[in-house]
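Quick notes on the structure that follows.
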Amino acid sequence: MLLLCAAPAPADDVGSAAAALESRLLAPCCYKQTLDFHASPLAEELRGEIRQRFAAGEPEATIEAALVARYGEK
C-alpha cells in the first residue's frame, strides 16, 4: 500500500497539478506576477522544482508549505 501512495504521478497529472499551483504563487523575486507567467530565472527554477516534486509524488500542500517557509507568506 505504501508503494502505491508514493508512486510517481503520471505526466498529465503532474502538469495539471503544477500549473494550478504555479498560477496561485507569486514569483518571490518581485511579488508582482504568478510563477506561471513570470520570466525570471528564479521563477523558471521554481517551476522545475514544483514539477519535479509533483512527479515524485509529493502532495500539493507539502510543496506549497515548503515554498512559503522558504520565501514567506507574501
Side-chain angles (χ1 to χ4, degrees):
M1 183 70 169
L2 286 176
L3 291 177
L4 293 175
C5 293
D12 289 346
D13 293 344
V14 167
S16 296
L21 182 57
E22 292 161 4
S23 72
R24 290 195 335 268
L25 297 176
L26 292 174
C29 50
C30 71
Y31 297 107
K32 292 183 182 181
Q33 288 183 312
T34 54
L35 284 176
D36 57 341
F37 286 107
H38 199 66
S40 72
L42 179 57
E44 283 186 40
E45 181 181 318
L46 291 174
R47 284 191 296 269
E49 177 183 339
I50 289 168
R51 290 170 190 275
Q52 183 178 38
R53 291 175 78 164
F54 271 120
E58 278 191 63
E60 180 178 332
T62 302
I63 299 168
E64 185 172 353
L67 293 173
V68 169
R70 191 182 321 162
Y71 296 105
E73 288 286 331
K74 187 175 181 180

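Numbers for residues simply follow the sequence, beginning at 1.
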- Please lay out, stage by stage, how V68 and E73 fare under the test side-chain contact (heavy atoms from CB on, under 4.5 Å). CA-CA 6 Å; V68 169; E73 288 286 331; 3.3 Å; yes
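Nearest heavy atoms, Y31 versus Y71: OH-O, 3.1 Å. Among all heavy-atom pairs drawn from A18 and R51, the shortest one is CB-CG, 3.5 Å. Between L26 and K32, the shortest heavy-atom distance links the atoms CD2-C, 4.4 Å.
Heavy atoms of other residues, nucleotides or ligands lying less than 6.0 angstrom from CD of Q52 number 12 at most. Heavy atoms from other residues, nucleotides or ligands lying under 6.0 Å from CZ of F37 number 12 at most.
Here the CG atom belonging to L35 is positioned 5.5 Å from the CG atom belonging to L46, to the nearest 0.5 angstrom. Taking CD from E64 and CG from L21, the interatomic distance works out to 5.5 Å, rounded to the nearest 0.5 Å.
Every residue meeting the side-chain contact (heavy atoms from CB on, under 4.5 Å) condition with C29, not counting sequence neighbours, appears here in chain and number order: A27, H38, S40, L42. Taking the side-chain hydrogen bond (donor to acceptor under 3.5 Å, both in side chains) definition, one finds that S23 meets it with nothing, sequence neighbours left out.
Pairs engaging residues 36-45 under the salt bridge (Lys or Arg N to Asp or Glu O under 4.0 Å) rule: none recorded [sequence neighbours left out]. Residues in residues 54-63 take part in these side-chain hydrogen bond (donor to acceptor under 3.5 Å, both in side chains) pairs, two or more places apart or across chains: R24-E60, R53-E58.
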